[in-house]
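Chain identifiers are assigned alphabetically (A, B, ...) following the order of the sequence lines, protein sequences preceding nucleic acid strands; residue numbering begins at 1 within each chain.
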Amino acid sequence: MKRYNFSSAEKKWNAIWKTKRVYEPDLSSTKKPFYNLMMFPYPSAEGLHVGNMYAFTGSDIYGRFKRMQGYDVFEPMGLDGFGIHSENYAIKIGTHPVKQAKISERRFYKQLEIVGNGFAWNERLETYDPEYYKWTQWIFVQMWKHGLAYRKKQPVNWCPSCKTVLADEQVIDGKCERCGTIVVKKELEQWFFKITKYAERLLQNLETIDWSEKVKIAQRNWIGKSEGALIKFKIINDKFQINSKAQNSKHEVEVFTTRPDTLFGATYMVLAPEHPLLENKELGIRNYDDVAKYVASAKKKSEEERIENKEKTGVELKGVKAINPANNEEIPIFVADYVLSGYGTGAIMAVPGHDLRDSDFARKLDLPVRRVIAPRESNFQFPISNFQINPNDQNPKETELYEGDGILINSGKFDGIDSEKAKWEITKFVEGKKTTQYRLRDWLVSRQRYWGPPIPMVYCESCAKAGRSDAPSFAKATEGTAGWYAVPEKNLPVKLPFVKDFRPKGKDESPLASAKSFFEARCPGCRGKARRETDVSDTFLDSAWYYLRYIDPKNKKEPFAASRIKRWLPVNMYIGGAEHSVLHLLYVRFVALALRDMKLLNFPSKTGEPFPLFRAHGLLIKDGAKMSKSKGNVINPDEYIKEFGADAFRTYLMFLAPFEQGGDFRDQGILGITRFLDRIWKFQEGLKGKFAKKESPSIEQFLHYTVKKVTEDIESLHYNTAISALMILFNKFEEAGSVTKGQYKTFVCLIAPFAPYLSEELWGRIGEKKSIHRSPWPRYNPRLVVAETFPLVVQINGKHRATVEAERGLSEEKARTLALSHPMVHKAVEGKTPKRVIYVKDRLINFVI
RNA sequence: GCCGAGGUGGCGGAAUUGGUAUACGCGCACGACUCAAAAUCGUGUGGGCAUGUCCCUUGAGGGUUCAAGUCCCUCCCUCGGCACCA
């Protein structure tokens, strides 16, 4: 018997599939479109990572399953090869990214072809193709035209190694998402996209989409909605007399708090180092130099220092006080870097009795603490005298931090009120404003790098002086628009020029700033001399719309053809990594919603969400540890495919653990799958076409059960149990020696999504002409799914005592008689009347004695 | 610290959602084939001992129930995400 030669079969079928266009639906006319999308890879490293392979295989199995169910499955693939990751790799190995892109492209596409995925190769795309990034730039221009792109100077994240700014989403634990270098703060003027305008919708829509729960939670937390109040505190200089000061003060600081119910406990105020009040000289801060020194050192701190060292520091502003509007008390003001400038108003009211951070700070600086909320279950007597407690007080119970809600004390006329209710009553009392804050910040899209789409904007100095720009009128009032013009759409793309020394310079600007011929431009407004923007846009903008381009990647007139969009969107199934929870998966939703609002993207959907169904796959580890080059435990997929074949590799990846959970890859494990596939081959070869004439009823019954099980398991991405069910079925085939052709064909169809080559080869060898991957998915007869008999479990006092084979649908009485006929049961129950008999139909009977 | 997922044989992992715990696979042991080995095939494989239609066993302890890996309470550990967001 000839052994199965997987490598020649793989080669053969790849060629046949290509010429027969097995995986190419007609994008403009299909009747049952099914868009099966997977996150395209960064071609950044030595080759395709096994993690990508894992994700693609899981997604492809789902696509193949849907194709066999009769859908016109569209499963495109491309390369996210523009951007910092590809550029960093080019720097590392000392090539130019333009050259490296071509090398990576060949390597990746070759690898992607041998893994046996049903990709629609005609629609492949690369984000560095000018025909692609032309439209990435076009999206930037639309953002600008609709007031969603703006420039602003503010402290931003700067990676000293990548020599570029980063978005908040790209800073992980204070470190650069790409290279792990500690990120520092820098005050720079940059381009931002107004994703915050969409915060509420991005949050609300989460309720309408079917996504892996952990990703939704991550997005919810990242958006970070909180309800609270804005409350104004008057600022006075203590030179002035007490009674005149409050009324006469022209200075005010507004704070944001989610706990206005604790206002009476606000014993001091804290400003962020960037707070504008600190620059106000007429205020008469007496220790101005000390304050300035503190502010300077705080601004220099890196993100990591802030995170690592949570010891609170701060300086009091001498000579000034704030007035607590609830009780008109004068309270000290501090500057401290535990208050962030980018959130709320950059100023807080500090309530050390009821907030952990304020409590830490108060302890450190020995500040008084006042308790204003008592837990509901405590028995406070009202009214309580207005007491103030020092942290050194020997009565620690009273000063203990309490962050919960409860009943108000020490709060004047609000004493005794429930804190939930008091929140809004106190807000009203001090003329505060109820408001909502989001943790989400605007998306910083500028990058001071070479390998990316140049931001298609032009700056004209003379127009800036005259206050001219082509920003929409409603956006002109905001800062950073004067002098800026979008490159006219007919002039797109702004091609990335070849720059020999493409390495980042670290001078707050892109290497393009040294290419004079690139940045010299005409002003689209006054036709005078102007300068192009030399920064490029964030890679995540490239990937924020690729799924729209796939359906018509060669379209020269429009970014995406409206008729095809209507047919193919929203995407039916999106599979990818959870590491993109607050990166790609957030940006991509934002861009879709924004384009929809601009009336540029229109597909049938209530919310405009492009991915109603998303599943995150798990993480693959090797021998119990995370894969890393330094540990030398990185799986090279090519080697495994060469040794075991793509089918065995794919099937093993899916068998080793639940797809959505991820799991542990062990070399030994793949042998089990190899044996399984070999046995299938031998089984068919051994039959030599002599299939059984008559169906064995027990095999037939189990086959129907397996069809149901595998269908449901694939639908829910439980591939590991689907494969296990197929193994059990096949074990029965082997035991029986032979099965009918129909039964056998059903089995081959069921393994087709997992082992596309072997199944196709077997399919052809039993005389089938059409590709198995376009053959109908087996159906089952619901009546045959369960066997006619079942093992009736007999328990005595809940303990398993015997098992008897019984007819399905047995009545309780009959079950009882049957159970008692078993000698063991008979002996145990004999002579006693059971107190209770529990009968679970088709399952068990339990005698309680 | 907060949020999420999880803890089941020597290992990866199953368990119809409260109803035979350890499916399937790996590994291991023994046997067959072989001069031998690999491959392949067969048998066995949670632990215990008094070898039984016995007892124990799903991170630890308690509870609910005829019945708990599954539900409730307390605690421990591992992995992932967020992290001074007021």
Between [N] and [M], how many Å separate the two [atom1] atoms, rounded to a whole number?
N      : M      : atom1 : result
B:rC41 : B:rC33 : C1'   : 9 Å
B:rG63 : B:rA67 : P     : 13 Å
B:rG19 : B:rG69 : C1'   : 13 Å
B:rC24 : B:rG9  : C1'   : 14 Å
B:rG27 : B:rG81 : C1'   : 35 Å
B:rU8  : B:rC56 : C1'   : 15 Å
B:rG7  : B:rU70 : P     : 11 Å
B:rC2  : B:rU74 : P     : 14 Å

Show each protein N/O and nucleotides 14-19 of chain B N/O combination with a separation under 3.5 Å, one pair to a line.
unit_1	atom_1	unit_2	atom_2	d
B:rA14	OP1	A:N720	ND2	3.0
B:rU16	N3	A:R843	NH1	2.4
B:rU16	O4	A:R843	NH1	3.0
B:rG19	N2	A:Q795	OE1	3.2

Minimum heavy-atom distance [X]-[Y], with the two atoms named:
X      : Y      : result
A:L440 : A:A199 : CD2-CB, 4.0 Å
A:A347 : A:L271 : CB-CD2, 3.6 Å
A:Y294 : A:T313 : OH-OG1, 2.8 Å

By nearest atom, which of the nucleotides [options] is closest to the [X] side chain?
X      : options                : value
A:M727 : B:rU20, B:rG25, B:rC82 : B:rG25
A:I172 : B:rA86, B:rC24, B:rC82 : B:rC82
A:L671 : B:rG12, B:rG27, B:rA83 : B:rG27
A:R675 : B:rU20, B:rC24, B:rG27 : B:rG27
A:I217 : B:rA86, B:rC3, B:rC41  : B:rC3
A:D337 : B:rC84, B:rA86, B:rU40 : B:rC84

A:F702 ring center within less than 6.0 Å of A:Y705 ring center:
yes
Judged by atom type as modelled, is there a donor-acceptor pair below 3.5 Å linking the side chain of [X] to the main-chain atoms of [Y]?
X      : Y      : answer
A:H354 : A:V372 : yes
A:S212 : A:A616 : yes
A:Y719 : A:G58  : yes
A:T262 : A:G265 : no
A:R371 : A:G353 : no

Rounding to an integer number of Å, can you tell me how far [X] [atom1] sits from [N] [atom2]?
X      : N      : atom1 : atom2 : result
A:H718 : B:rG13 : NE2   : P     : 14 Å
A:I723 : B:rA23 : CD1   : C1'   : 15 Å
A:I621 : B:rU78 : CD1   : P     : 16 Å
A:K423 : B:rA86 : NZ    : C1'   : 12 Å
A:Y4   : B:rU40 : OH    : P     : 17 Å
A:N797 : B:rU20 : CG    : P     : 17 Å
A:D358 : B:rC84 : CG    : P     : 15 Å
A:Y839 : B:rC66 : OH    : C1'   : 16 Å

Return whichever of A:K214 or A:G672 has its heavy-atom-nearest nucleotide of RNA chain B closer to the 5' end.
A:K214
Position toward the 5' end of RNA chain B (nearest nucleotide), A:N221 or A:A272
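Per heavy-atom nearest nucleotide, the more 5' residue is A:N221.
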If you draw a 6.0 Å radius around CD in A:E788, do more than 12 non-hydrogen atoms from other residues or ligands fall strictly inside?
no
Just call it for [X]: base, sugar-phosphate, or nothing, with non-hydrogen atoms closer than 4.0 Å on any strand.
X      : answer
A:R439 : base
A:I728 : sugar-phosphate
A:S581 : nothing
A:F847 : nothing
A:N731 : sugar-phosphate
A:R679 : sugar-phosphate

Under the rule syn = chi within 90° of 0, otherwise anti, which is B:rU17?
syn
Kindly label the base of B:rG9 as syn or anti, based on whether its glycosidic torsion lies within 90° of 0.
syn
Would you say B:rU53 has OP1 or OP2 under 4.0 Å from some side-chain N or O of A:R801?
no
Please tell me if A:Y338 has a side-chain N or O lying less than 4.0 Å from either OP1 or OP2 of B:rA86.
no
What would the secondary structure line of RNA chain B be in dot-bracket form, counting Watson-Crick and G-U wobble pairs under 3.5 Å, with [ ] for pairs that cross earlier ones and | for pairs with another strand?
(((((((..(((......[....)))((((((.......))))))((((..).)))..(((((..]....))))))))))))....
Parallel, tilted or perpendicular: which fits the ring planes of A:F334 and A:Y268, with parallel below 30° and perpendicular above 60°?
perpendicular
Only one of A:N720, A:I728, A:L726 forms a side chain to side chain contact (heavy atoms under 4.5 Å, CB included) with A:S724, so which one is it?
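Looking at A:N720, A:I728, A:L726, the match for A:S724 under the side chain to side chain contact (heavy atoms under 4.5 Å, CB included) is A:I728.
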